[in-house]
**Q** 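Handing you this structure, nothing more for now.
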Amino acid sequence: MDASGTISPDDELRHWPTDEAQARAVQDRLRSSVRLDQSGPEPGFAGTVVGVDVAYDDERDVVAAAAVALDARTLAVVDEATAVGRVSFPYVPGLLAFREIPTVLDALAGLTRTPDLVVCDGYGLAHPRRFGLASHLGVLTGLPTIGVAKNPFTFRYTPPGPDRGAVSPLLDDRPGTTDTPGSGGTAGGAGHPEEVGRALRTQTGVKPVFVSVGHRVDLDRACAHTLHLAPKYRLPETTRAADSLCRRALASV
DNA sequence: GCGACAG
DNA sequence: ATCTTGTCGC
C-alpha cells in the first residue's frame with residue numbers, strides 16, 4: 001500500500017502466498033483497506049456492471065476467467081474478455097480469492113473500459129475474516145465490488161419471504177472473529193449476531209442468493225443491484241454471462 | 001475425533 | 001468447482 005492508501009496489484013501478485021498461513025496473513029493485512037463508507041453507484045446508473053467468473057480443469061492445471069460488461073440499465077452485453085492461466089492455489093474454504101484472482105485480474109485488464117461495478121461469484125464481507133473474494137478484488141483494483149454467492153457458507157439465515165425481492169439478514173453467530181465496531185470487542189461474549197450480508201430472493205418461490213458487500217458499495221445498493229440484474233433467473237445476468245463465457249474459454253484451450 | 005466447508 | 005440422464009416447458 002502506498003502513501004495514498006492504494007494497494008498495488010502487481011506487488012500483491014509478485015508476493016502471492018504459497019500456503020494457507022501466508023494467505024490468511026495477506027487477508028489480515030489487506031482487510032483494513034476495504035472501504036465500507038461509500039454507498040456506490042445508484043441502481044440504474046449510466047455505466048457498466050461487470051460480472052467475473054472462473055472455470056477449472058484441475059487435470060491439466062488450467063484455469064479460465066471471464067469478465068463480461070453489461071449496460072447497467074438495459075443489461076445488454078457491451079464488452080467481454082477472457083484470460084487463461086495456471087491454477088495458483090488449491091481450493092480451501094475461506095481462501096477462494098487466492099485461487100481465482102490472478103486470472104480474473106488478467107480478464108479485467110482485457111476490457112475496453114473501466115467497470116463501474118464488479119459482481120463476483122462468492123463473498124465479500126461474509127467471510128470468516130471479513131475479507132472474501134469480492135473484498136479482495138475490490139482492494140486490488142480500487143473498483144466498487146459486491147459478492148453474490150449461491151450458498152450461505154457457514155452463516156445462518158432465516159429464509160426470506162416467498163416473493164421476489166424479499167430479504168433476510170445473513171448472520172455470523174461467532175463473535176470475536178473480527179474487531180468490528182459495535183460487536184463488543186474481542187472477548188468471546190454473547191453479543192448480538194453480526195449481519196454480514198443478506199439472503200435475497202431474486203425469483204418468487206426459488207432459493208435465495210446470498211449478497212454481501214465487497215468494496216465501496218453499501219449492502220442496500222448491493223442488494224438493489226443484484227435484484228435488478230436478475231429480472232428472469234435466480235442468478236444475476238452478469239454471473240450467468242461470465243459463467244458461460246469462462247466455460248467456453250476453458251473448452252477452447 | 002467429527003462435521004461443516006464461497007468456488 | 002466438476003462429474004452426469006433424462007425430463008418438463010416455452
Side-chain angles (χ1 to χ4, degrees), chain A residues 17 20 23-24 26-27 31 34 51-68 82-105 107 118-139 145-157 169-174 177-178 194-200 202-215 219 222-223 226 231-236 238-251 253:
Chain A
E20 297 183 22
R24 292 192 186 91
V26 168
Q27 292 179 331
R31 189 178 58 216
V34 173
V52 293
D53 194 19
V54 171
Y56 301 95
D57 183 338
D58 285 305
E59 295 286 294
R60 293 185 297 167
D61 199 44
V62 173
V63 50
V68 181
T82 62
V84 174
R86 294 293 184 181
V87 176
S88 55
F89 209 84
Y91 172 65
V92 180
L95 302 179
L96 179 65
F98 298 95
R99 183 168 167 82
E100 306 215 331
I101 282 188
T103 317
V104 166
L105 287 174
V118 179
V119 180
C120 300
D121 249 34
Y123 286 126
L125 245 187
H127 178 274
R129 285 169 296 282
R130 302 292 179 272
F131 196 73
L133 170 63
S135 318
H136 204 146
L137 186 64
V139 163
T145 61
I146 65 174
V148 180
K150 298 181 277 297
N151 296 292
F153 201 22
T154 58
F155 300 110
R156 178 174 64 80
Y157 72 103
L170 188 62
L171 304 172
D172 188 352
D173 287 325
R174 186 182 133 199
T177 305
T178 305
E194 177 183 352
E195 182 180 31
V196 295
R198 273 178 206 152
L200 168 64
T202 54
Q203 295 296 318
T204 298
V206 173
K207 177 182 172 178
V209 296
F210 303 90
V211 179
S212 62
V213 161
H215 185 59
L219 187 53
C223 290
T226 302
K232 189 172 171 56
Y233 300 102
R234 178 189 178 222
L235 297 180
T238 38
T239 299
R240 290 166 44 80
D243 180 81
S244 169
L245 181 56
C246 71
R247 286 176 197 255
R248 273 177 280 148
L250 183 65
V253 173

**Q** State the dot-bracket string of DNA chain B. Criteria: Watson-Crick or G-U wobble, both atom distances under 3.5 angstrom; notation: ( ) intrastrand, [ ] crossing earlier pairs, | interstrand, . unpaired.
**A** .......

**Q** Heavy-atom distance under 4.5 Å between the side chains of A:Leu170 and A:Ser212, does that happen here?
**A** no

**Q** Identify the heavy atoms of A:Ala97 and A:Pro102 that sit nearest to each other, and give their distance.
**A** O-CD, 4.2 Å

**Q** Applying salt bridge (charged side-chain N to carboxylate O under 4.0 Å, His left out), name anything that partners A:Arg247, two or more places apart in sequence or on another chain.
**A** A:Asp243

**Q** If we only count heavy atoms from C-beta on, is the A:Val196 to A:Tyr123 side-chain gap below 4.5 Å?
**A** no

**Q** In the 5'-to-3' direction, what one-character label does each nucleotide of nucleotides 2-7 of chain B receive under the scheme B = base within less than 4.0 Å of a protein heavy atom, S = sugar-phosphate only, - = no such atom?
**A** ---BBB

**Q** Defining pairs by Watson-Crick or G-U wobble geometry with both distances under 3.5 Å, how would you list the stems of DNA chain C with at least three pairs each?
**A** none

**Q** Could you pull out all residues at least two apart from A:Thr238 that satisfy side chain to side chain contact (heavy atoms under 4.5 Å, CB included)?
**A** A:Val49, A:Leu70, A:Val119, A:Leu229, A:Pro236

**Q** Heavy atoms within less than 4.0 Å of DNA chain C: which residues of residues 202-215 of chain A have one? Give them sorted by number.
**A** none

**Q** Please collect all side-chain hydrogen bond (donor to acceptor under 3.5 Å, both in side chains) contacts where either partner lies in residues 146-157 of chain A, sequence neighbours excluded, each pair once.
**A** A:Asp121-A:Lys150, A:Asn151-A:Lys207, A:Arg156-A:Asp173

**Q** Which residues pass the salt bridge (charged side-chain N to carboxylate O under 4.0 Å, His left out) test with A:Arg60, sequence neighbours left out?
**A** A:Asp57

**Q** Taking all heavy atoms of A:Phe210 and all of A:Arg234, pick out the closest pair and write down the distance.
**A** CE1-NH2, 4.4 Å

**Q** Can you pull the contact range of chain A along DNA chain C, 5' to 3', using atoms under 4.0 angstrom from its heavy atoms?
**A** C:dA1 to C:dT2

**Q** Show every side-chain hydrogen bond (donor to acceptor under 3.5 Å, both in side chains) that has at least one partner inside residues 88-99 of chain A, sequence neighbours left out.
**A** A:Asp58-A:Arg99

**Q** A:Ala83: which residues meet the side chain to side chain contact (heavy atoms under 4.5 Å, CB included) condition with it, sequence neighbours left out?
**A** A:Thr103, A:Asp106, A:Ala107

**Q** Less than 3.5 Å apart, any donor N or O on the side chain of A:Ser244 or A:Arg248 sitting next to an acceptor on the other?
**A** yes

**Q** Not counting sequence neighbours, which residues clear ring-ring contact (aromatic ring centres under 6.0 Å, His included) with A:Tyr56? List them please.
**A** none

**Q** Between A:Thr145 and A:Val118, is there a donor-acceptor pair closer than 3.5 Å when you use the side chain of the first and the backbone of the second?
**A** no

**Q** Check whether any side-chain heavy atom of A:Glu194 lies under 4.5 Å from a side-chain heavy atom of A:Arg130, and answer yes or no.
**A** yes

**Q** Output, in order, the C-alpha distance, side-chain angles, deciding distance and verdict of side-chain contact (heavy atoms from CB on, under 4.5 Å) for A:Leu95 and A:Arg129.
**A** CA-CA 10 Å; A:Leu95 302 179; A:Arg129 285 169 296 282; 3.6 Å; yes

